[in-house]
Amino acid sequence: MADTATIEPGRDFIRDIVQADLDAGRASRIVTRFPPEPNGFLHLGHAKSICLNFGVAKEFGGQCHLRFDDTNPVKEEQAFIDSIQRDVAWLGFSWGEHLYHASDYFEQLYEWAEHLIRTGHAYVDDTPPEAMRAQRGTLTEPGQNSPFRYRSADESLDLFRRMRAGEFPNGARVLRAKIDMASGNMNLRDPVLYRILHATHPRTGDAWRIYPTYDFAHGQSDAIEGITHSVCTLEFEDHKPLYDWLIEHLPVPARPRQYEFARLNISYTVLSKRILTTLVRDKHVSGWDDPRMPTLAGIRRRGVPAAALREFVGRVGVARANSVVDVAMLDSAIRDTLNPSAPRRMAVLRPLKLIVENYPEGETETLEAINHPDDPAQGTRPITFGRELFVEQDDFMENPPKKFYRLSPGKEVRLRYGYYVTCQSVEKDADGNVVALRCTYDPETRGGNAPDGRKVQATIHWVAAADAVPAEIRLYSHLFNRPDPGADGDVMADLSADSLEVLTGCLVEPALASAPAGEAVQFERTGYFCADPDGTPERPVFNRTVGLRDSYAKVRTPGR
RNA sequence: UGGGGUGUCGCCAAGCGGUAAGGCAACGGAUUUUGAUUCCGUCAUACGGAGGUUCGAUCCCUCCCACCCCAGCCA
């Protein structure tokens with residue numbers, strides 16, 4: 001990939017911190033982690049975190065762990081654990097031996113919880129959830145101490161063990177840290193460390209009846225794994241004092257540090273697991289891998305290569321300011337990644353018959369088409385030319401406006417890698433629709449060059465009726481019809497009605513019939529596409545990955 | 001009105017006291033058998049606002065304004 005545009009890895013505040021820690025000897029080897037909760041598919045926001053965590057580790061000669069934050073069995077599934085591993089690997093990163101689960105540490109975490117109780121830093125609270133909420137106070141008023149806060153360590157210990165033994169129903173009691181109910185930071189108002197959950201865990205099965213909360217599990221897991229830089233998103237900033245408090249009050253083997261960066265937002269896109277889950281559940285999309293989804297699985301199926309995502313993430317950068325990246329930046333990264341390598345092919349999305357009147361009936365000939373204009377190594381392929389062809393409906397106008405360079409009555413254009421043809425007349429149906437163009441060709445222009453040096457204003461793509469293959473082509477556009485979906489409250493109300501357009505009468509050149517699913521090709525003058533697994537060699541199906549830039553679109557429809 | 005953050009070009013984002021990188025978008029122009037690509041060029045006297053310190057401030061101080069996050073036994 002030509003990467004004059006690629007950002008030099010190594011210049012964002014996280015990397016600055018890492019570099020400084022290395023220089024100052026605060027860390028000898030960098031260890032990061034990517035800690036997804038297996039309750040959904042990974043999306044573009046995760047891609048940013050993955051590239052950051054794995055990227056930093058790689059650049060500084062360290063390692064990055066893949067750790068499942070599986071502390072809430074009611075939401076987590078093995079299927080998600082599998083998809084996450086698939087997606088991280090596809091993105092191009094390797095965790096090597098370092099695949100972990102917070103659940104691997106449940107026994108150790110439990111012991112540390114008892115330690116906190118014994119040292120007077122945690123207590124079992126019998127307060128019901130609603131009452132606890134009321135006692136917590138508000139953003140501007142301090143909370144009230146729970147009456148159980150002063151319970152003896154022995155009593156708490158006994159109760160905590162019985163919680164583990166499964167003696168109590170869900171919600172009956174929790175283990176809480178004893179910190180400060182008057183803190184301005186809500187997370188320090190005696191946060192819950194353990195709750196009773198009679199649920200089967202994807203990995204530990206029914207071994208546990210109590211599960212640690214995120215706050216109690218995350219930092220300690222980091223410490224166990226020797227994570228040096230625990231990088232998370234901004235909303236966890238308020239949790240850092242608690243993260244540090246727990247590390248300080250527990251005999252953990254290491255002292256990890258948390259750093260926060262702004263999560264990724266993209267215009268016309270939603271990156272909320274909750275909403276993505278709803279889209280799948282309510283069948284607004286065909287599944288987690290619907291090509292319109294911002295999930296890695298969806299994007300992959302759409303034909304976007306992992307390298308394009310890495311490029312995109314690199315261009316976006318890492319900072320602490322909330323922002324919304326223009327989706328055009330993603331499209332641009334995709335095109336820039338695909339352009340140098342994607343083989344060129346011809347495909348007619350909306351066919352219009354073109355009859356070459358002066359071409360002998362029943363005959364065809366073979367011409368040679370270049371596979372990539374900037375990469376001769378990709379060679380050439382044979383294409384068939386004949387009397388009956390198909391061109392794009394958009395490439396003809398009976399009454400063309402001033403700047404229309406393509407076909408119109410009396411006008412000559414070049415058929416790519418074919419001949420110059422001139423439109424002599426049109427055939428219409430009873431309703432007056434143009435159903436065929438009657439043209440003549442100049443036999444002297446074989447291959448596309450006129451010996452007399454005359455020029456044409458346009459070169460258009462085409463396929464031969466003789467061997468074109470019928471295909472289905474799926475055109476995707478933004479799932480949402482406004483740059484800030486949900487800004488008015490209801491995200492679903494902003495779902496676009498035409499994010500998917502299925503074209504069934506398409507005709508593609510024979511070379512495309514055998515295109516392997518997922519491999520990018522460029523349909524000349526149209527966009528980048530890839531075969532979808534739904535297709536067959538007899539009737540291939542293509543997904544539009546992204547369209548080509550189209551400056552004519554601006555002439556045609558000024559002002560978007 | 002509590003605590004924690006953030007404000008640099010339409011959108012991202014560098015900048016770490018010495019006089020505003022880069023990318024995306026946009027707009028010109030050259031090349032072109034993709035109105036693609038490529039290539040040139042234009043695009044912040046200005047860094048949320050007001051004061052102050054300094055020879056000099058986007059970078060330091062003060063005050064103000066705007067926006068984001070936090071009251072799950074979610075992560």
Side-chain angles (χ1 to χ4, degrees), chain A residues 2 5-8 11-12 16 35-37 39 69 71-72 74-75 125 127-129 132-134 136-143 170-176 182-189 191-197 210-211 213-215 217-218 232-241 260 262 267 273-274 314-333 335-336 339-340 344 346 370 373-374 403-406 414-418 420 447-449 456-461 483 522-527 548-556:
Chain A
T6 304
I7 307 283
E8 277 277 303
R11 275 297 70 88
D12 57 62
D16 287 345
E37 181 189 13
N39 66 345
D69 229 332
T71 58
N72 186 358
V74 317
K75 288 186 175 177
D125 193 339
T127 308
M132 197 178 292
R133 196 181 317 127
R136 190 153 28 230
T138 68
L139 294 178
T140 53
E141 304 158 33
N170 288 354
R173 291 175 226 267
V174 293
L175 179 72
R176 291 228 260 171
S183 174
N185 182 342
M186 301 297 291
N187 294 298
L188 262 22
R189 321 249 264 223
V192 171
L193 269 21
Y194 266 92
R195 73 282 212 191
I196 297 169
L197 247 32
I210 56 173
Y211 291 92
T213 55
Y214 162 83
D215 287 306
H218 202 94
C232 61
T233 44
L234 252 26
E235 65 269 28
F236 291 99
E237 190 150 29
D238 289 344
H239 292 247
K240 183 152 59 183
E260 314 82 19
S267 60
K273 257 200 249 182
R274 199 196 97 243
R315 291 184 189 187
V316 167
V318 180
R320 286 176 62 86
N322 292 318
S323 61
V324 180
V325 173
D326 190 338
V327 71
M329 229 195 262
L330 209 211
D331 293 342
S332 168
R335 290 191 198 101
D336 287 352
N339 177 49
R344 266 96 239 238
M346 291 201 282
I370 290 167
D374 306 320
K403 289 285 204 172
F404 189 81
Y405 300 154
R406 286 109 97 149
R414 170 166 44 228
L415 294 178
R416 176 141 241 223
Y417 300 127
Y420 281 17
N449 285 304
V456 287
Q457 269 190 125
T459 298
I460 66 176
H461 60 279
Q522 185 197 93
F523 289 179
E524 294 213 49
R525 303 207 309 132
T526 306
L548 253 29
R549 277 182 58 192
D550 181 6
S551 55
Y552 177 63
K554 288 162 196 161
V555 179
R556 193 166 32 199

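Everything quoted here is computed from the prediction, not taken from an experiment. In what follows, chains are A, B, ... by sequence order, proteins preceding strands, each numbered from 1.
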With B for base contact, S for sugar-phosphate-only contact and - for none (protein heavy atoms under 4.0 Å), nucleotides 70-75 of chain B reads BBSBSB

T127(A) side chain to M132(A) main-chain N or O, any donor-acceptor pair under 3.5 Å? no

The side-chain hydrogen bond (donor to acceptor under 3.5 Å, both in side chains) partners of S183(A) (sequence neighbours excluded) come to none

Please list, for nucleotides 5-9 of chain B, all pairs of protein and nucleotide N/O atoms separated by less than 3.5 Å.
from, atom 1, to, atom 2, distance (Å)
G5(B), O3', R320(A), NH2, 3.2
U6(B), OP1, R320(A), NE, 3.2

side-chain hydrogen bond (donor to acceptor under 3.5 Å, both in side chains) filter on T233(A), not counting sequence neighbours, yields E235(A)

Assigned chi class of G72(B) under the 90° convention is syn

When both distances are under 3.5 Å in a Watson-Crick or G-U wobble arrangement, the nucleotide paired with G22(B) is C12(B)

ring-ring contact (aromatic ring centres under 6.0 Å, His included) filter on Y420(A), not counting sequence neighbours, yields none

Sorted by chain and number, sequence neighbours left out, salt bridge (charged side-chain N to carboxylate O under 4.0 Å, His left out) with D550(A) holds for R556(A)

For S332(A), the side-chain hydrogen bond (donor to acceptor under 3.5 Å, both in side chains) test, sequence neighbours excluded, returns R315(A)

The ring-ring contact (aromatic ring centres under 6.0 Å, His included) partners of H218(A) (sequence neighbours excluded) come to Y214(A)

Winner on side-chain proximity to R335(A), out of C24(B), A25(B), A36(B), is A25(B)

Can you find a side chain N or O atom of S551(A) that sits less than 4.0 Å from OP1 or OP2 on A36(B)? yes

For N185(A), the side-chain hydrogen bond (donor to acceptor under 3.5 Å, both in side chains) test, sequence neighbours excluded, returns N187(A)

Under 3.5 Å, which N/O atoms of the protein pair with N/O atoms of nucleotides 26-28 of chain B?
from, atom 1, to, atom 2, distance (Å)
A26(B), OP1, K554(A), NZ, 3.2

Using a heavy-atom cut-off of 4.0 Å across all strands, would you classify Y420(A) as base, sugar-phosphate, or nothing?
nothing

May I ask you to say what V74(A) touches in the nucleic acid, namely base, sugar-phosphate or nothing, with a heavy-atom cut-off under 4.0 Å?
nothing

Could you write out each protein N or O paired with an N or O of nucleotides 63-66 of chain B at a distance under 3.5 Å?
none

Open item on the list: Roughly how many Å apart are A20(B) and C39(B), using the C1' atom of each and rounding to a whole number?
Closed with: 27 Å

Hits for ring-ring contact (aromatic ring centres under 6.0 Å, His included) against Y417(A), two or more places apart or cross-chain, chain-then-number order -> none

Presence of S323(A) side-chain N/O under 4.0 Å of A13(B) phosphate oxygens OP1/OP2: yes

| field | Side-chain N,O (R525(A)) to OP1/OP2 (G35(B)) below 4.0 Å | value | yes

